[in-house]
Amino acid sequence: MSLQVFGMPVSRGVAIGRAVLVASSRVDVAHYYVAAAEAEAEIERLKRARDAVASEIHVLQRDLPRDAPAELSALLDVHLMLLHDEMLTDATKHWIVERHYNAEWALAAQLEVLARQFDEMEDDYLRERKADLEQVVERLLRRLAAATGDGHALPLPAHAARDFAGEDPLVLVASDISPADMLQFKNSVFTGFVTDVGGRTSHTAIVARSLDIPAVVGAREASRLIRQDDWLVIDGDAGVVVVNPSPIVLEEYRFRQRASDLERARLDRLRHTPAVTLDGERVELLANIELPGDAPAAVEAGAVGVGLFRSEFLFMNRDGRLPDEDEQYEAYRAAVVAMGGLPVTIRTVDIGADKPLDRMSVAELRHEHVLNPAMGLRAIRWSLAEPGMFRQQLRALLRASAHGKLRILVPMLAHLSEIRATFEQLARARAQLDESGRAWGRFEVGAMIEVPAAALQVELFLRHFDFVSIGTNDLTQYTLAIDRADEAVAHLYDPWHPSVLHLIQHTIERAQAAGKPVEVCGEMAGDTACTELLLAMGLRSFSMHPSRVAAVKQRVLRADTRRLAAALQRVLAAESPAAEAVAAFGSVQAG
Ligand code: PEP
Ligand code: MG
């Protein structure tokens, strides 16, 4: 039966494919295809894991203390039975042979199918056996990982690719995915994503957007309503997921998919055209990246530098072993070198809120009882609370500055005391490098303006820093007191709110008066609905996902800043600026 699920659009375009449901706890299972010729070997791998788990359970049974309750042994019998049950063994093979899934993925897929069946059982006893099945699958997955000598199944092997000859395209459906896990899906087999939780500017959504594939977040019931292998249409423009569409609906979406592919190809041609408005204003379009490996894509997209490298992603998925100074230095140097002389802005770690160091998703964080993570120990607050680690990062950044044009960006500052403490740590890091005779080069230091307190006293920041960068994602979150990762209040998250616009305008105006560079690196910079507005405010430097550069450039090329500036006051004075912008700037689409 066809049905529609509504959420929030994250990444534009249409994806059509079969659903792959992944439980949040199973997101780190490797997803890759095995060639038909390798299917037998894959099944053999699974069989060996099963035999190993069977012996493991037998040993457990044998070693049970004499006085252990009889139920324990019976429970292990149930595990053995489940392990050898056809519904697990044969069906898992089916995913390998028919769909070419690797063994881990096949197991996880079958677990999802079976878990649903258990959930629907009337009998309490049988329903509760789902937990046993999960434990058995968990053991199997651990065995498989141990056998490949890979405790952590990802990253994907080289032959994991988006296209596998003859396969149906696949879209991923999960209740929630942490930003760290989302990062694992770069170069994965999936052509679209749907999650139950999250807001448009949650970090999971931001990483999903950087994958440049259609995605919908905050679709609440999606993972419950959608079944493994259902056909899905993900409408990343409207934020709608159509489950098992009728042939007519499917044809309509295929048509839109072709049209959007054509549009992309057309925009691609603008890649190397300089971004200059009709009245000759030069605009700098920079890229936001998560890892040094993203730098070539930024150059390829026509970005003239990196405006935001979110360095915290280097610190994720590390099982507690954080990158040391040398490893960080190599990563920063790689990014600087890859950009070949273009400026690279690296932000010091912004850990906390919806970006925990370990792989907790938003839903898990909510259960952690950290009362207000977004207002807690996050970003520079975290760095200043861990001065040793902060200096380690600063030393790595300073060393990388010897290899190119590096700019250091500090997130979430609000207090003069934080500014002072930051520069003190920087001075100490420099002294430490000098003492040990290690080289460092020229660099600039900038502040993110993303807390209303900072925007309101931006002059203070302009006195201390070489440049400022407006983080509109957090500026909106903190101005409106709306958790950007919470789908329950997502309808109130509005960067077009007059108060947010005034803070942005104020920051740009004061920076220009002080003669200091100002840029926007939040999601507004890559949203074409905001391009004219930001140009009208005087902004000439935008930093966004590489995939957005061409579309924003097209808006810049068609803009006349003199005409826009005249309309700005009307927009800023309006009760509903988004609607007014449509009237004032002409082609702007609100929202
Ligand atoms: C922002 O807040 O706008 C920003 C760019 O930083 P992040 O999205 O990483 O919080
Ligand atoms: Mg921010």
Side-chain angles (χ1 to χ4, degrees), residues 10-11 178-180 182-183 198-210 217 285-291 294 303 306-316 345-357 362 365 373-383 407-414 418 446-455 458 461 467-486 490 493-497 500-501 503-504 507-508 518-527 530 534 539 541-546 548:
V10 164
S11 206
S178 71
M182 191 53 108
L183 204 61
R200 272 181 86 151
T201 61
S202 64
H203 284 93
T204 296
I206 288 175
V207 182
R209 198 169 296 130
S210 78
V217 299
L285 302 182
L286 304 160
N288 290 356
I289 64 172
E290 276 94 33
L291 292 172
D294 301 333
V306 169
L308 174 64
F309 173 173
R310 291 180 161 98
S311 72
E312 55 275 13
F313 284 94
L314 288 176
F315 289 67
M316 294 178 182
T345 313
I346 305 181
R347 180 173 70 184
T348 59
V349 284
D350 182 358
I351 285 299
D354 68 334
K355 278 181 294 192
L357 270 182
V362 171
L365 276 171
M375 298 203 179
L377 197 62
R378 184 192 158 184
I380 189 63
R381 302 170 182 182
W382 189 83
S383 293
R407 308 198 308 164
I408 297 172
L409 182 60
V410 186
M412 221 188 157
L413 291 159
E418 290 169 328
M448 285 201 71
I449 304 297
E450 50 184 352
V451 180
V458 66
F461 289 81
F467 67 99
V468 291
S469 185
I470 309 174
T472 50
N473 306 335
D474 278 317
L475 191 59
T476 307
Q477 153 164 278
Y478 294 125
T479 304
L480 301 179
I482 299 298
D483 185 339
R484 61 195 260 196
D486 188 349
Y493 182 94
D494 179 16
W496 284 89
H497 189 289
V500 178
L501 296 188
L503 291 175
I504 298 172
T507 304
I508 296 173
V518 52
E519 53 212 52
V520 168
C521 62
E523 297 302 290
M524 275 179 102
D527 184 348
C530 303
L534 295 171
L539 189 77
S541 186
F542 297 61
S543 192
M544 66 202 77
H545 288 291
R548 302 297 306 149

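As a basis for the values below, the full set of heavy atoms in this structure was taken, side chains included, without hydrogen atoms, waters or symmetry mates. Start at 1 and go down the list; that is how both ligands and their atoms are numbered.
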Item to complete: Would you give the length of the straight line joining atom CD1 of Ile351 to atom CZ of Phe313, rounded to the nearest 0.5 angstrom?
Response: 8.5 Å

Worksheet item: Heavy atoms under 4.0 Å from ligand 1: which residues qualify?
Response: His203, Ile206, Leu308, Arg310, Arg347, Asp350, Lys355, Arg378, Met448, Glu450, Gly471, Thr472, Asn473, Asp474, Arg484, Cys521, Gly522

Discussion item. Less than 4.5 Å apart, side chain to side chain, heavy atoms only: is that true for Leu409 and Thr348?
Written reply: no

Fill in: Criterion side-chain contact (heavy atoms from CB on, under 4.5 Å) on Thr345 and Phe309, from CA distance to verdict
CA-CA 6 Å; Thr345 313; Phe309 173 173; over 6 Å; no

Discussion item. Side chains of Glu523 and Thr472 only: does a donor on one sit below 3.5 Å from an acceptor on the other?
Written reply: no

Discussion item. Under a 4.0 Å threshold between the charged nitrogen and the carboxylate oxygen, would Glu519 count as salt-bridged to Arg407?
Written reply: yes

Practice prompt. Give the total of protein N/O/S atoms at a distance below 2.8 Å from the Mg ion (ligand 2).
Written response: 2

Fill in: Arg378 and Asp474 ion-paired at < 4.0 Å
yes

Worksheet item: Can you name the residues that form a salt bridge (charged side-chain N to carboxylate O under 4.0 Å, His left out) with Arg381, not counting sequence neighbours?
Response: none

Worksheet item: Within 45° of the six-membered ring axis of Tyr493 and under 6.0 Å from that ring's centre, is NZ or CZ of Arg484 located there?
Response: no

Discussion item. The criterion is side chain to side chain donor-acceptor pair (under 3.5 Å); which residues satisfy it with Ser311, sequence neighbours excluded?
Written reply: Gln393

